[in-house]
Amino acid sequence: MTVLVLRALGLGDLLTGVPALRALADAFPGHRRVLACPRGLAPLVELIGAVDEVVDVEPLAPLPERLRGIEIAVNLHGRGPRSHRTLLELAPRWLIAFACPNAGVDEGPAWRPGEHEVERWCRLLAESGVPADPRRLDVAPPPLRVPEALRGLTIVHPGAASTARRWPAERFAAVARAEAATGRGAGGAGGGGARALAGEVARIAGLPAGAVLAGRTGLRELAALVAAAARVVCGDTGVAHLATAMRTSSVVLFGPVPPSRWGPPRDRPWHRVLWSGRTGDPHAAVTDPGLLEIDVADVLDALRALPPSGRGVEPAAAA
């Protein structure tokens, strides 16, 4: 028996779906649990512990024919109709998904615009008869040795998938320079595509070349670095969700999308969000005007007030 979950998206999407994946693992312990997502996320999926197999798939691409006739298909990808049809083509015995008449799915929970991403998928399951706890976001750090020189850093992550969500490099550099001056040390991290931007930040900040960690790490290594860091400064990106998963203190800068949709949980005081209160186009080709309203002093003030990490602290107790 098989439970297939579709969430063929990015790093942040995977991490906000962790509570839902764990709820499915609890509800169907005797089933083989398959997650359809990009293969590059597989090293992190292993750390979640709720998935037996990863099927490599691009967003809304056809799924393998061998999955036809599975018992349960779960749409954690979207509200349809294309994602619904992708799963319906496999003729599952039970489809757990939001109602979408355009895809022929007339029954199911209603989609709520503006709902927090973690809450959304847990509610989908709960209203479908599968209890789900949105607080189950933690992911165990990978069992990798992080060099002592890279432990306790302030990680500055300047990258983002779209230009609209990228705070200016010179502002990140000012933050990195200020953190390095305190003696805590600063490093620029991120995926391979972020290396040039992290290098620019390090150059402007006057940091040594060794401070540029972006492009030198895979996903497991990046997770280990975040887990070993003292704090993280970043935009609304996958690294922000990695800091949440690893309980590493963070300051997260929001621009076109409000933190009420993608921000860290409110019961974890070791995270701080900065947002001007304005919304905009998250796919725009220029930096969001609201994001530009956040200045370097705002970030440094947030860092000074940031509590230590939440490792070993229950969120409810902290609140």
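Below, all heavy atoms of this structure are taken into account, side chains as well, without hydrogens, waters or symmetry copies.
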>> Tell me the closest heavy-atom pair linking L303 and R231, and the distance in Å.
In response: O-NH1, 3.1 Å

>> I72 vs R93, test: side chain to side chain contact (heavy atoms under 4.5 Å, CB included). Steps then yes/no.
In response: CA-CA 6 Å; I72 306 168; R93 298 179 189 175; over 6 Å; no

> Do L242 and L44 have side-chain heavy atoms sitting under 4.5 Å apart?
Replying inline: yes

> Do P264 and V273 have side chains that get closer than 4.5 Å, going by heavy atoms?
Replying inline: yes

> In terms of side-chain geometry, is the basic nitrogen of E293 or R278 positioned less than 4.0 Å from the acidic oxygen of its partner?
Replying inline: yes

> Looking at side-chain heavy atoms only, is the closest gap between P19 and V118 below 4.5 Å?
Replying inline: yes

>> For A164 versus P282, what's the shortest heavy-atom pair and its separation?
In response: CB-O, 3.6 Å

> Say you draw a straight line from CD1 of I96 to CG of L76; how long is it, rounded to the nearest 0.5 Å?
Replying inline: 9.0 Å

>> Let's go through R32 and E53 carefully: what are the C-alpha distance in whole Å and the side-chain angles of both, what is the deciding distance for salt bridge (charged side-chain N to carboxylate O under 4.0 Å, His left out) to 0.1 Å, and is it a yes or a no?
In response: CA-CA 8 Å; R32 181 167 183 78; E53 178 187 355; 3.2 Å; yes

> Just by distance, do the side chain of R7 and the backbone of D13 share a donor-acceptor pair under 3.5 Å?
Replying inline: yes

> Does the pair R220/E46 count as a salt bridge with the N-to-O cut at 4.0 Å?
Replying inline: yes

> Do you know the tightest heavy-atom contact between G280 and D288?
Replying inline: CA-OD1, 3.9 Å

>> Tell me if a side-chain donor or acceptor on H116 pairs with a main-chain N or O of G263 at a distance below 3.5 Å.
In response: yes

> Which pair of heavy atoms, one from T163 and one from A285, lies closest together, and at what distance?
Replying inline: CG2-O, 3.3 Å

>> One thing to verify: whether R171 and D298 come together as a salt bridge, which I'm taking to mean a side-chain N less than 4.0 angstrom from a carboxylate O.
In response: no

> Would you call R22 and D138 a salt bridge, using N to O less than 4.0 angstrom?
Replying inline: no

> When you measure from the side chain of R165 to the backbone N and O of D236, does any donor-acceptor pair fall under 3.5 Å?
Replying inline: yes

> Within the distance-only criterion (no hydrogens, no angle test), does the side chain of W167 pair as donor or acceptor with the backbone N or O of G255 below 3.5 angstrom?
Replying inline: no

> Between T248 (side chain) and V226 (backbone), is there a donor-acceptor pair under 3.5 Å?
Replying inline: yes

> Any ion pair linking E119 and R123 (charged N to carboxylate O, less than 4.0 Å)?
Replying inline: no

> Do you know which of L6, V74, V45 makes side-chain contact (heavy atoms from CB on, under 4.5 Å) with L35?
Replying inline: V45

>> For L95 and V105: C-alpha separation, side-chain torsions, deciding distance, then whether side chain to side chain contact (heavy atoms under 4.5 Å, CB included) applies.
In response: CA-CA 9 Å; L95 174 66; V105 180; 3.9 Å; yes

> Same cluster for V57 and V3 if Ile/Leu/Val/Met/Phe/Trp/Tyr side chains link at under 4.5 Å?
Replying inline: no

>> Test your reading of the model: is there a side-chain donor-acceptor pair from H77 to the backbone of A8, 3.5 Å cut-off?
In response: yes

> Quick one: does D301's side chain have a donor or acceptor within less than 3.5 Å of a partner on R304's backbone?
Replying inline: no

> Is a donor on one side and an acceptor on the other found under 3.5 Å between the side chain of R177 and the backbone of I204?
Replying inline: yes

>> I'd like to know if E127 pairs up with R112 as an ion pair, taking the criterion as any Lys NZ or Arg NE/NH1/NH2 lying under 4.0 Å from an Asp or Glu carboxylate oxygen.
In response: yes

> Out of curiosity, R261 CZ to T279 OG1, how far, rounded to the nearest 0.5 Å?
Replying inline: 9.5 Å

>> Could you report the tightest heavy-atom contact between L137 and P134, atom names first, then the distance?
In response: CG-O, 3.7 Å

> Among side-chain atoms of T16 and E117, is any donor-acceptor pair under 3.5 angstrom?
Replying inline: no

> When rounded to the nearest 0.5 angstrom, what distance separates CG in L144 from CD in E221?
Replying inline: 5.5 Å

> Nearest 0.5 Å, what's the OG-CZ distance between S83 and F98?
Replying inline: 10.5 Å

> Taking C-beta and beyond as the side chain, do L253 and V299 meet within less than 4.5 Å on heavy atoms?
Replying inline: yes

> How about L15 and T244: do any of their side-chain heavy atoms sit closer than 4.5 Å?
Replying inline: no

>> Working note: L291 + F254, criterion side chain to side chain contact (heavy atoms under 4.5 Å, CB included); need CA distance, chi angles, decisive distance, verdict.
In response: CA-CA 6 Å; L291 185 58; F254 280 82; over 6 Å; no

> Any side-chain heavy-atom pair from L9 and L14 closer than 4.5 angstrom?
Replying inline: no

>> In this structure, would V130 and V34 fall into the same cluster of hydrophobic residues linked by side-chain contacts under 4.5 Å?
In response: no

> If you round to the nearest 0.5 Å, how far is CZ of R85 from CG of L90?
Replying inline: 15.0 Å

> Side-chain contact, heavy-atom cut-off 4.5 Å: L125 with S128?
Replying inline: no

>> Side chains of L47 and P142, heavy atoms from C-beta outward: is any pair under 4.5 Å?
In response: yes

>> Show the nearest heavy-atom pair for residues A224 and V146, with the distance to one decimal.
In response: O-CG2, 3.7 Å

> Does R68 use its side chain to pair, donor to acceptor, with the backbone of E89 at less than 3.5 Å?
Replying inline: yes

>> Do L4 and L21 sit in one hydrophobic cluster, given that two such residues count as connected whenever their side-chain heavy atoms are within less than 4.5 Å of each other, even indirectly?
In response: no

>> Please say yes or no: joined through hydrophobic side-chain contacts below 4.5 Å, possibly via intermediate residues, are L41 and V55 part of one cluster?
In response: no

>> Could you see if V252 belongs to whatever hydrophobic cluster contains L11? Use Ile, Leu, Val, Met, Phe, Trp, Tyr and a side-chain cutoff under 4.5 Å.
In response: no

> Distance from H84 atom NE2 to C100 atom SG, nearest 0.5 Å?
Replying inline: 5.0 Å

> Relative to W111, does R120 satisfy both conditions: NZ or CZ under 6.0 angstrom from the six-membered ring centre, and within 45 degrees of the ring's axis?
Replying inline: yes

> Does one side chain, of S250 or H271, offer a donor that lies under 3.5 Å from an acceptor on the other?
Replying inline: yes

> Is N75 reaching over with its side chain to a backbone N or O of A97, donor-acceptor style, under 3.5 angstrom?
Replying inline: no

>> Applying side chain to side chain contact (heavy atoms under 4.5 Å, CB included) to V18 and R136, what does each step give before you reach the verdict?
In response: CA-CA 7 Å; V18 165; R136 300 176 68 188; 5.8 Å; no

